[in-house]
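In listed order, ligands and their atoms are each counted from 1. The figures here come from the full heavy-atom set of this structure, side chains too, leaving out hydrogens, waters and symmetry mates.
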Amino acid sequence: MSKSLSKIVVLISGSGSNLQAIIDNSNNIGVEISCVISNKKDAFGLKRAQNAGINTKIIKHQNFESRLDFDKKLIEEIDKFNPKIIVLAGFMRILSDEFINYFAGRIINIHPSLLPKFKGLNTHKRAIEMGEKYAGASVHFVTSELDSGEIIIQKKVKINANDSIENLAKKVLKQEHIIYPKAIKQVLSKL
Ligand code: GRF
(Lines give C-alpha, C1' and ligand atoms only; values in the text may rest on other atoms or scores of the structure.)
Protein backbone atom coordinates (compact mmCIF):
# COMPACT_ATOMS: atom_id res chain seq x y z
CA MET A 1 0.00 0.00 0.00
CA SER A 2 1.40 3.44 -0.85
CA LYS A 3 1.75 5.82 2.11
CA SER A 4 0.60 9.39 1.74
CA LEU A 5 3.20 11.93 0.69
CA SER A 6 3.80 15.28 2.39
CA LYS A 7 3.52 18.22 0.05
CA ILE A 8 6.38 20.71 -0.01
CA VAL A 9 7.15 23.82 -2.07
CA VAL A 10 10.81 24.56 -2.90
CA LEU A 11 12.11 28.09 -3.52
CA ILE A 12 15.26 28.52 -5.61
CA SER A 13 17.30 31.18 -7.41
CA GLY A 14 20.03 29.20 -9.13
CA SER A 15 21.59 25.86 -9.97
CA GLY A 16 19.27 23.80 -7.81
CA SER A 17 21.64 20.97 -6.97
CA ASN A 18 20.01 20.72 -3.54
CA LEU A 19 16.63 20.66 -5.26
CA GLN A 20 17.95 17.75 -7.36
CA ALA A 21 18.96 15.87 -4.21
CA ILE A 22 15.45 16.39 -2.83
CA ILE A 23 13.88 15.24 -6.11
CA ASP A 24 16.10 12.15 -6.17
CA ASN A 25 15.19 11.26 -2.58
CA SER A 26 11.56 12.32 -2.62
CA ASN A 27 10.20 8.78 -2.52
CA ASN A 28 12.51 7.73 0.31
CA ILE A 29 11.59 10.72 2.44
CA GLY A 30 7.89 10.66 1.57
CA VAL A 31 7.51 14.04 -0.10
CA GLU A 32 5.80 15.35 -3.14
CA ILE A 33 7.20 18.62 -4.50
CA SER A 34 4.04 20.52 -5.42
CA CYS A 35 5.87 23.41 -7.03
CA VAL A 36 9.34 24.90 -7.50
CA ILE A 37 9.28 28.69 -7.43
CA SER A 38 12.20 30.79 -8.68
CA ASN A 39 12.71 34.54 -8.56
CA LYS A 40 15.11 34.17 -11.52
CA LYS A 41 13.87 33.05 -14.90
CA ASP A 42 17.21 31.48 -15.89
CA ALA A 43 17.68 29.40 -12.75
CA PHE A 44 18.92 25.97 -13.86
CA GLY A 45 16.87 24.43 -11.06
CA LEU A 46 13.74 25.20 -13.11
CA LYS A 47 14.99 22.78 -15.78
CA ARG A 48 15.71 20.14 -13.16
CA ALA A 49 12.13 20.50 -11.89
CA GLN A 50 10.65 20.38 -15.39
CA ASN A 51 12.72 17.28 -16.22
CA ALA A 52 11.19 15.63 -13.18
CA GLY A 53 7.69 16.67 -14.24
CA ILE A 54 7.32 19.15 -11.38
CA ASN A 55 5.22 22.27 -11.66
CA THR A 56 7.33 25.47 -11.81
CA LYS A 57 6.61 29.15 -11.35
CA ILE A 58 8.77 32.23 -11.93
CA ILE A 59 8.06 35.25 -9.75
CA LYS A 60 10.54 38.02 -10.53
CA HIS A 61 11.18 40.20 -7.52
CA GLN A 62 11.96 43.13 -9.84
CA ASN A 63 8.31 43.24 -10.85
CA PHE A 64 7.25 44.29 -7.38
CA GLU A 65 7.55 47.69 -5.76
CA SER A 66 8.53 46.41 -2.35
CA ARG A 67 9.84 43.30 -0.62
CA LEU A 68 6.47 42.99 1.06
CA ASP A 69 4.56 43.03 -2.25
CA PHE A 70 6.87 40.31 -3.61
CA ASP A 71 6.45 38.25 -0.46
CA LYS A 72 2.65 38.63 -0.58
CA LYS A 73 2.67 37.21 -4.09
CA LEU A 74 4.89 34.35 -2.91
CA ILE A 75 2.46 33.61 -0.07
CA GLU A 76 -0.46 33.63 -2.49
CA GLU A 77 1.25 31.17 -4.86
CA ILE A 78 2.51 28.90 -2.08
CA ASP A 79 -0.92 28.80 -0.44
CA LYS A 80 -2.44 27.34 -3.60
CA PHE A 81 -0.60 24.11 -2.79
CA ASN A 82 -1.15 24.08 0.95
CA PRO A 83 2.32 22.56 1.58
CA LYS A 84 3.43 21.20 4.94
CA ILE A 85 6.77 23.00 4.71
CA ILE A 86 8.54 25.54 2.52
CA VAL A 87 12.08 24.54 1.59
CA LEU A 88 14.60 27.23 0.64
CA ALA A 89 17.27 25.73 -1.61
CA GLY A 90 19.63 28.47 -2.73
CA PHE A 91 16.88 31.09 -2.65
CA MET A 92 18.81 34.35 -2.67
CA ARG A 93 16.17 36.71 -1.28
CA ILE A 94 15.75 37.85 2.28
CA LEU A 95 12.20 37.15 3.39
CA SER A 96 10.09 39.70 5.25
CA ASP A 97 8.81 39.14 8.80
CA GLU A 98 5.31 38.98 7.31
CA PHE A 99 6.29 35.95 5.19
CA ILE A 100 8.19 34.29 8.02
CA ASN A 101 5.38 34.78 10.53
CA TYR A 102 2.77 33.58 8.06
CA PHE A 103 4.53 30.23 7.70
CA ALA A 104 6.00 30.26 11.22
CA GLY A 105 7.97 27.12 12.06
CA ARG A 106 7.42 25.69 8.57
CA ILE A 107 10.27 27.27 6.57
CA ILE A 108 13.68 25.63 6.40
CA ASN A 109 16.94 26.64 4.74
CA ILE A 110 20.35 25.17 4.02
CA HIS A 111 23.40 27.31 4.69
CA PRO A 112 26.99 26.46 3.70
CA SER A 113 28.68 26.94 7.07
CA LEU A 114 28.72 25.51 10.55
CA LEU A 115 26.24 27.99 11.99
CA PRO A 116 26.37 30.12 14.09
CA LYS A 117 29.72 30.69 12.39
CA PHE A 118 29.75 32.55 9.06
CA LYS A 119 26.21 33.74 8.58
CA GLY A 120 25.56 35.50 5.28
CA LEU A 121 27.60 35.24 2.08
CA ASN A 122 31.11 34.04 1.09
CA THR A 123 31.18 31.48 3.86
CA HIS A 124 33.97 29.28 2.46
CA LYS A 125 36.29 32.19 1.69
CA ARG A 126 35.83 33.51 5.21
CA ALA A 127 36.35 30.08 6.79
CA ILE A 128 39.63 29.60 4.89
CA GLU A 129 40.83 33.11 5.68
CA MET A 130 40.08 32.64 9.36
CA GLY A 131 42.19 29.49 9.39
CA GLU A 132 39.26 27.28 10.45
CA LYS A 133 39.94 23.54 10.65
CA TYR A 134 36.40 22.68 9.62
CA ALA A 135 33.76 24.07 7.31
CA GLY A 136 30.36 22.50 6.78
CA ALA A 137 26.68 22.94 6.18
CA SER A 138 23.65 23.53 8.38
CA VAL A 139 19.96 23.00 7.80
CA HIS A 140 17.97 25.34 10.03
CA PHE A 141 14.53 26.81 10.60
CA VAL A 142 14.09 30.27 9.14
CA THR A 143 13.33 33.04 11.61
CA SER A 144 13.39 36.80 11.19
CA GLU A 145 17.07 36.96 12.12
CA LEU A 146 19.22 35.90 9.14
CA ASP A 147 20.71 32.37 9.39
CA SER A 148 19.90 32.21 13.10
CA GLY A 149 16.96 29.84 13.54
CA GLU A 150 17.14 26.49 15.33
CA ILE A 151 19.58 24.07 13.70
CA ILE A 152 18.09 20.81 12.44
CA ILE A 153 21.17 18.98 11.09
CA GLN A 154 24.80 19.97 10.62
CA LYS A 155 27.65 18.23 8.82
CA LYS A 156 31.32 19.04 9.32
CA VAL A 157 33.83 18.97 6.46
CA LYS A 158 37.58 19.09 7.10
CA ILE A 159 39.44 22.00 5.52
CA ASN A 160 42.75 20.79 4.09
CA ALA A 161 45.75 23.13 3.80
CA ASN A 162 45.56 23.05 0.00
CA ASP A 163 41.77 23.50 -0.30
CA SER A 164 40.73 26.33 -2.62
CA ILE A 165 37.40 28.09 -2.07
CA GLU A 166 35.95 26.20 -5.05
CA ASN A 167 37.20 22.87 -3.88
CA LEU A 168 35.88 23.41 -0.38
CA ALA A 169 32.53 24.55 -1.79
CA LYS A 170 32.32 21.32 -3.79
CA LYS A 171 33.08 19.16 -0.76
CA VAL A 172 30.49 20.97 1.35
CA LEU A 173 27.85 20.87 -1.38
CA LYS A 174 28.24 17.10 -1.59
CA GLN A 175 27.36 16.87 2.10
CA GLU A 176 24.48 19.34 1.67
CA HIS A 177 22.91 16.91 -0.78
CA ILE A 178 23.00 14.21 1.89
CA ILE A 179 21.74 16.21 4.86
CA TYR A 180 18.97 18.25 3.23
CA PRO A 181 16.68 15.33 2.34
CA LYS A 182 17.35 13.84 5.81
CA ALA A 183 16.49 17.10 7.52
CA ILE A 184 13.24 17.43 5.54
CA LYS A 185 12.22 13.93 6.61
CA GLN A 186 13.06 14.72 10.21
CA VAL A 187 11.09 17.99 10.23
CA LEU A 188 8.05 16.39 8.58
CA SER A 189 8.04 13.54 11.09
CA LYS A 190 7.55 16.07 13.89
CA LEU A 191 4.75 18.12 12.31
C1 GRF B 1 24.14 26.07 -1.44
O2 GRF B 1 25.50 26.22 -1.15
C3 GRF B 1 23.31 26.38 -0.23
O4 GRF B 1 23.93 26.04 0.97
C5 GRF B 1 23.15 27.87 -0.32
O6 GRF B 1 23.02 28.14 -1.68
C7 GRF B 1 23.66 27.11 -2.44
C8 GRF B 1 22.62 26.56 -3.37
O9 GRF B 1 23.15 25.65 -4.30
N10 GRF B 1 22.03 28.32 0.47
P11 GRF B 1 22.19 24.85 -5.25
O12 GRF B 1 21.38 25.90 -6.04
O13 GRF B 1 21.31 23.98 -4.43
O14 GRF B 1 23.10 24.08 -6.17
Side-chain angles (χ1 to χ4, degrees), residues 8-26 29 31 33 35-52 54 56-61 71 74 85-96 99-100 103 106-129 132 134-159 163-187:
I8 67 170
V9 166
V10 182
L11 306 190
I12 62 162
S13 302
S15 154
S17 68
N18 278 289
L19 166 67
Q20 188 68 56
I22 298 164
I23 293 172
D24 295 345
N25 285 283
S26 54
I29 61 174
V31 305
I33 304 173
C35 189
V36 171
I37 302 177
S38 173
N39 64 315
K40 301 246 171 141
K41 71 173 184 350
D42 299 328
F44 184 65
L46 289 169
K47 291 220 169 59
R48 298 182 190 268
Q50 285 152 8
N51 288 341
I54 297 166
T56 58
K57 176 102 197 163
I58 299 164
I59 308 177
K60 291 187 196 165
H61 58 274
D71 283 7
L74 272 183
I85 57 170
I86 293 100
V87 174
L88 310 185
F91 184 63
M92 300 302 285
R93 299 291 302 166
I94 294 193
L95 293 162
S96 60
F99 183 98
I100 292 166
F103 294 113
R106 297 198 290 131
I107 313 167
I108 64 172
N109 181 44
I110 188 154
H111 182 77
S113 80
L114 292 173
L115 289 172
K117 283 188 176 173
F118 308 116
K119 297 173 183 177
L121 298 174
N122 302 320
T123 54
H124 303 310
K125 179 169 187 278
R126 285 151 64 205
I128 290 173
E129 281 172 3
E132 297 284 331
Y134 293 94
S138 311
V139 181
H140 65 95
F141 284 103
V142 174
T143 57
S144 50
E145 208 183 322
L146 185 72
D147 298 329
S148 299
E150 185 194 332
I151 292 166
I152 301 158
I153 298 185
Q154 272 185 325
K155 179 75 189 178
K156 266 187 188 176
V157 172
K158 181 134 182 41
I159 302 180
D163 270 337
S164 62
I165 298 170
E166 293 71 26
N167 184 36
L168 180 59
K170 246 188 224 167
K171 291 198 298 189
V172 172
L173 201 55
K174 207 167 159 195
Q175 297 306 318
E176 292 184 34
H177 300 159
I178 298 170
I179 64 171
Y180 215 0
K182 270 192 194 165
I184 292 170
K185 186 175 181 191
Q186 188 176 311
V187 168

S17-H177 side chain donor-acceptor pair, cut-off 3.5 Å: yes

Distance from atom 14 (O) of ligand 1 to nearest protein heavy atom, with residue and atom: S17 OG, 2.5 Å

Atom 2 (O) of ligand 1: the protein heavy-atom neighbour that sits closest, reported with distance to 0.1 Å: E176 OE2, 3.2 Å

Close N or O approach (N18, ligand 1; < 3.5 Å): yes

Atom of T143, atom of S148 and distance for their closest heavy-atom approach: OG1-C, 4.1 Å

Shortest non-hydrogen contact between V139 and A183, atoms and distance: CG1-CB, 3.6 Å

Any N or O of I110 closer than 3.5 Å to N or O of ligand 1: yes

4.0 Å heavy-atom contact, G16 with ligand 1: yes

Protein heavy atom at shortest distance from atom 8 (C) of ligand 1: G90 CA, 3.6 Å

Heavy-atom side-chain proximity of L19 to I33 below 4.5 angstrom: yes

Rounded distance (nearest 0.5 Å) linking atom CG of L88 with atom NE2 of H140: 8.0 Å

For S15, atoms of ligand 1 separated by under 4.0 Å from a heavy atom: 12 (O), 14 (O)

Other residues, nucleotides, ligands: >12 heavy atoms within 6.0 Å of K171 NZ: yes

